Amino acid sequence: MNGQMMQQPLLISSLIVHAERHHAEQQVVSRRVEGDIHRTTYREIAARSRRVANALAALGVQAGQRVATLAWNGYRHMELYFGVSGSGAVLHTVNPRLHPDQIVYIADHAEDQVLFFDMTFWPLIQAVASRCKTIRHWVALTDRAHMPPAEQAAKLPNLLCYEELLAAQSDRYDWPALDENTASSLCYTSGTTGNPKGVLYSHRSTLLHTMAAALPDCLGAGAGDCILPVVPMFHVNSWGIVYLGPMTGAKLVLPGSGLDGQSLYELFESEGVTLSAGVPTVWQGLLAYVDAKGLKFSTMRRSAIGGSACPPAMIKKFLDDYGVRVIHAWGMTEISPIGTAAAFKAQHVGQSADERLAVMATQGRAIFGVDLKIVEEAGHELPWDGQATGDVYVRGPWVISSYFRNEGGDPLKDGWFPTGDVAKMTPEGYMVITDRSKDVIKSGGEWIGSIDLENIAMSHPAVAMAACIAAHHPKWDERPLLVVMKKTGATLTREELLAFYDGKIAKWWTPDDVVFVDAIPLGATGKMQKIKLREQFKSYVLPT
Ligand code: ADP
């Protein structure tokens, strides 16, 4: 017997319809590439998203076709999120920090039809346009006054101006009643090995993920919040925040290209931001700025940090010095992206600061919808005893089932997605990631978790950033080598740093050597690129 409830598909358009009806006057504030601060509302964004949908029809974009963006976090990009997906096309958010060859590769692979870009990326567009085979229209996300100079523009046929494109369209449009399994957006993983692979989300997966992300033990967002996603809209849909705003009625503050400490801090304060989200390296810049100037956050209370391990020292600093609670979260492009978040359980109330910090420093527990297990090599599940370490497998309605165009074959094992991460689980169900399987250091057949070693180094006051990689060792095969970037003006020796490990870790885990570098290479999503460091130090000879 079926239940007798309405069949209503879960659609991305319903988010903006809801926001227009129930949070029409709520603000969306953007730092524009034109240089000013722009203010709009959900009412306006809803109307302009409908113009986008009409414009796509006028450009001949058909259901299921891919429409690309190369853009920062801003209201125009947000209009595309709803206009493109809502009308039944697929929004392909391209990471502008990728190498131009990779951008050409993925635009061709996705068969993008139209590409919308922020003017920041005009030089990039000029460099790649003639090589992209399928893109028929290039749309600059600006008004006529800020379009490229005529002699440059003349070289790109089919260059359009976004504001003109929208002005020519009606804001009347009926969102189609799509099947909720229809593809809505496409993100490519950075592809540290092999070609980038496309992850194709559906309306249903996106809505379910957004609802879960809004839960109190995840981002915990509501209409009283003011959210500033530092995480870009080209990095897994800004972890769902651009959908979560209209769903909850929260105010959104979109920082554009201003991701330096000062620009972010100004927006936090002037707009009354209560909740933010980003990768650890961005917060490092912000904290360095706030520290140096002796500033405080007057409204910010929570900050979601993930994408790579958040050092416990950063969690502690945020809390002790600024009263900001870090929500340490874990996920990946293939999981839409959120899988776990580190929220307390009842038994943690009243625990000591150190005990609570230990909980906050884990990658957290699975949010409802994500089923998770750790397995050993043969695929057998390992116990959650806080000791056994194994590969993390996940499954759920916002977890990938296959890559776009079936790239790389079937990614699943017995219905589970192997994440490539290595972790242990506490008996209470908190996950502690020790490594990515490709970063694990194997010393004499035993694993050494590089994240632990990095976290200790980064708790030293003189260290800005630290990466731990495997270096070849004649007896043990691999031993840890610590690559360190010092804080500006700080002094620190190899011996001091190695002595700092005493008592914090099993003696044999202590790195064999330390090298100081001016900078640690960061990838397109702001994460340390250990693959580059391994390449750089592949012939490194450890001291005997
Ligand atoms: P890529 O880094 O390849 O661009 P993703 O952005 O999808 O792809 O990154 C996913 C990976 O980032 C995860 O598999 C995991 O290794 C790492 N990661 C994400 N969040 C955390 C976290 N909180 N702690 C440790 N590692 C994390």
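Only this structure's heavy atoms are used, side chains among them; waters, hydrogens and symmetry mates stay out. Counting convention: from 1, in listed order, for ligands and their atoms alike. Keep in mind that what you see is a predicted model, and the values were worked out from it rather than measured.
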For ligand 1, which is the ligand I care about here, please tell me if [X] has any N or O atom under 3.5 Å from one of the ligand's N or O atoms.
X: Ala329; answer: yes
X: Gln363; answer: yes
X: Gly307; answer: yes
X: Ala309; answer: yes
X: Glu334; answer: no

**OP:** Would you indicate whether Lys316, at its atom NZ, is surrounded by more than 12 heavy atoms from other residues, nucleotides or ligands within a distance under 6.0 Å?
**Re:** no
Subject >> Geometric cation-pi criterion, Arg356 with Phe344: 6.0 Å, 45° >> reply: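 Yes, cation above the ring, under 6.0 Å and within 45°.
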**OP:** State whether Phe516 and Lys486 meet the cation-pi test: NZ (Lys) or CZ (Arg) under 6.0 Å from the six-membered ring centroid, and within 45° of the perpendicular axis.
**Re:**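 So Lys486 does make the cation-pi contact.
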Mark the output for [X] as yes if a heavy-atom distance to ligand 1 is under 4.0 Å, and as no if none is.
X: Pro337; value: no
X: Thr189; value: no
X: Ser308; value: yes

Original post:
Of the backbone atoms (N, CA, C, O) and the side-chain heavy atoms from C-beta on, which set of Asp421 has a member under 4.0 Å from an atom of ligand 1: side chain, backbone, both, or neither?
Top reply: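 Only the side chain of Asp421 comes within reach of ligand 1.
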**OP:** Check whether the ring centres of Phe121 and Trp72 lie less than 6.0 Å apart, and answer yes or no.
**Re:** yes
Subject >> Whether Tyr540 and Phe537 hold their rings parallel, tilted or perpendicular, with breakpoints at 30° and 60° >> reply: perpendicular
**OP:** Could you check whether the rings of Trp283 and Phe318 sit parallel, tilted or perpendicular, using 30° and 60° as the cut-offs?
**Re:** perpendicular
**OP:** Provide the number and element of each atom of ligand 1 under 4.0 Å from a heavy atom of Met332.
**Re:** 7 (O), 10 (C), 14 (O)
Original post:
Is the closest basic N to carboxylate O distance between Arg395 and Asp371 below 4.0 Å?
Top reply: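 Between Asp371 and Arg395 there is a salt bridge, with a charged N closer than 4.0 Å to a carboxylate O.
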